[in-house]
2 protein chains.
Amino acid sequence: MRKASPDPQIEARRREPVPETVDPAIEALVHDVIGKVADKWTMLILEALHDHGTLRFTQLGKAVGRISQKMLTQTLRQMEKDGLVRRTVHPVIPPHVDYTLTPLGESLGAAFCGVWIWAETHHAEIQRARASFAEREAATSRLMASD
Amino acid sequence: MRKASPDPQIEARRREPVPETVDPAIEALVHDVIGKVADKWTMLILEALHDHGTLRFTQLGKAVGRISQKMLTQTLRQMEKDGLVRRTVHPVIPPHVDYTLTPLGESLGAAFCGVWIWAETHHAEIQRARASFAEREAATSRLMASD
DNA sequence: ATTTATACGCACCAAATGGAGAGTGTAGGA
DNA sequence: TCCTACACTCTCCATTTGGTGCGTATAAAT
């Protein structure tokens with residue numbers, strides 16, 4: 001059942017190089033930014049602040065869901081470094097700290113909006129895709145077993 | 001210089017609960033999807049396939065940049081499970097495997113488009129923000145030292 | 001006098017992530 | 001006859017991530 005004869009179409013694509021479209025320097029920068037930003041906690045905090053406007057530390061933690069204080073602090077610091085959030089300390093006792101998005105963070109939140117909407121729209125499809133993948137996998141292993 | 005008297009505005013926000021806006025069940029689902037998808041390699045592979053259409057394994061690796069074979073395989077498998085990519089095996093020797101986005105993956109790529117554009121537009125701002133954060137940090141530590 | 005509330009910092013530990021390098025199977029070319 | 005191409009898989013190892021629990025300062029409430 002093995003097809004070992006070379007398909008001419010495939011053969012044609014054999015030594016075809018990777019088509020380049022954009023400047024590699026820009027690519028590197030964008031990849032770096034994506035690397036920093038494409039993090040679960042960053043995205044979730046971004047969403048929470050985008051939705052609620054201004055939140056305090058513990059409120060933010062509850063809004064995000066199951067995040068540890070450590071990760072919350074860590075991610076917020078990184079986001080502050082990147083200029084995405086503004087941290088306001090009110091020198092009262094007990095301490096009171098407010099977090100809010102900067103215009104830059106706000107614009108990123110807006111850019112991510114499409115992704116939230118996608119997730120809300122398509123999560124059912126993903127679940128179906130997973131089920132059918134599991135199905136195919138099971139079928140394959142049945143084939144292997146009867147080999 | 002410490003202001004310990006309670007600010008009435010802050011006091012008012014003291015026991016204010018986190019404002020809830022959406023159904024927590026939907027939230028949980030979306031967070032789950034985001035958790036799966038908000039991964040550096042997933043986003044980069046998604047971008048590469050969105051740009052180039054169909055790519056083979058090694059081409060894809062080069063298009064993404066510095067990714068190890070292990071991560072490439074692993075991430076592709078996950079994306080296949082989630083129904084984002086279609087994997088086509090041509091039974092020839094040497095092996096030939098094509099990867100392409102499914103309609104679902106294509107729609108996610110479109111949703112992420114806004115984020116690529118954001119990254120391209122704002123990476124200079126991020127770098128400036130980082131510099132000014134470092135500046136402020138240095139100023140703070142100078143203050144601490146002269147304390 | 002004791003507790004509570006807040007926003008952390010720190011130390012320790014487990015688990016996940018990710019990279020490097022070697023191995024695999026086989027047809028066709030040097 | 002040996003080498004190369006391709007798309008992996010596997011093992012070993014280092015780094016990173018993330019959680020838990022404890023400590024802290026201090027005013028107000030009990």
Side-chain angles (χ1 to χ4, degrees), chain A residues 2-8 10-18 31 35-36 38-45 54-80 85 87-100, chain B residues 1-8 10-18 35-36 38-45 54-80 85 87-99 140-141 144:
Chain A
R2 285 289 161 83
K3 171 182 167 190
S5 58
D7 182 333
I10 289 174
E11 203 58 25
R13 286 196 191 166
R14 263 207 162 297
R15 309 202 176 275
E16 204 169 295
V18 192
H31 282 207
K36 300 276 176 192
D39 161 64
K40 187 187 168 188
W41 298 129
T42 305
M43 289 181 65
L44 258 18
I45 290 175
T54 297
L55 288 176
R56 306 179 52 179
F57 186 79
T58 23
Q59 288 183 324
L60 190 47
K62 285 180 185 177
V64 167
R66 37 185 71 261
I67 183 173
S68 67
Q69 289 188 335
K70 183 185 173 181
M71 275 302 101
L72 189 52
T73 324
Q74 213 170 93
T75 313
L76 280 171
R77 286 294 137 83
Q78 184 60 48
M79 293 176 78
E80 201 191 347
V85 301
R87 180 167 174 270
T88 314
V89 182
H90 304 279
V92 294
I93 285 165
H96 184 136
V97 182
D98 278 340
Y99 293 94
T100 191
Chain B
M1 224 38 161
R2 287 288 163 83
K3 171 181 166 191
S5 57
D7 183 334
I10 290 175
E11 202 59 23
R13 285 195 192 167
R14 265 206 162 295
R15 308 200 177 275
E16 204 170 293
V18 191
K36 301 274 177 194
D39 162 64
K40 186 187 169 187
W41 298 129
T42 305
M43 289 180 66
L44 259 17
I45 290 175
T54 297
L55 287 176
R56 306 177 53 177
F57 185 79
T58 22
Q59 288 183 322
L60 189 48
K62 285 180 186 177
V64 167
R66 36 185 72 262
I67 184 174
S68 65
Q69 289 188 335
K70 182 185 173 181
M71 275 302 101
L72 189 52
T73 327
Q74 211 171 94
T75 313
L76 280 171
R77 287 293 139 80
Q78 185 60 48
M79 291 175 79
E80 202 191 347
V85 300
R87 179 168 174 270
T88 314
V89 182
H90 304 279
V92 295
I93 284 165
H96 185 134
V97 182
D98 279 339
Y99 292 94
T140 305
S141 53
M144 303 293 266

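Hydrogens, waters and symmetry mates are skipped; everything else that's a heavy atom, side chains included, is used.
- Between Leu60(A) and Leu76(A) there is a side-chain heavy-atom pair separated by less than 4.5 Å.
- One atom, CD1 of Ile93(A), and another, P of dT4(C), lie 19 Å apart when rounded to the nearest Å.
- Taking only side-chain nitrogens and oxygens, Thr58(B) comes nearer than 4.0 Å to OP1 or OP2 of dA7(D).
- Rounding to whole angstrom units, CD of residue Gln74(A) and P of dG19(D) are separated by 10 Å.
- Close to dT17(C), at under 4.0 Å from its OP1 or OP2, lies no side-chain N or O of Trp41(B).
- Between Ile67(B) and Leu44(B), every side-chain heavy-atom pair lies at or beyond the 4.5 Å cut-off.
- Nearest nucleotide to the side chain of Gln69(B), out of dG18(D), dA5(D), dC8(D): dC8(D).
- Side-chain proximity of Val97(A) to dA7(D), dC8(C), dT20(D): nearest is dC8(C).
- At a threshold of 4.5 Å between non-hydrogen side-chain atoms, the residues Phe57(A) and Gln69(A) count as touching.
- At the phosphate of dG9(C), OP1 or OP2 sits under 4.0 Å from a side-chain N or O atom of Arg77(A).
- Atom CD1 in Ile67(A) sits about 14 Å away from atom P in dT17(D), given to the nearest Å.
- With sequence neighbours left out, the side chain to side chain donor-acceptor pair (under 3.5 Å) criterion links Ser68(B) to no other residue.
- Residue Tyr99(B) contributes atom OH, which lies 11 Å from atom C1' of dC6(D) at whole-angstrom precision.
- Rounded to an integer number of Å, the gap from Leu72(B) CG to dG18(C) P is 13 Å.
- Between Ile45(B) and Met79(B), some side-chain heavy-atom pair lies under the 4.5 Å cut-off.
- In terms of position along DNA chain C, the nucleotide closest to Thr73(A) lies nearer the 5' end than the nucleotide closest to the other residue of the pair Thr73(A) and Lys70(A).
- Position along DNA chain D of the nearest nucleotide to Asp39(A) versus Leu76(B) favours Leu76(B) as the more 5'-ward residue.
- To the nearest angstrom, P of dA7(C) lies 10 Å from CZ of Arg87(A).
- Distance CZ (Arg66(B)) to P (dA20(C)): 9 Å, rounded to an integer number of Å.
- The NE2-P distance, from His90(A) to dT26(D), rounds to 20 Å in whole Å.
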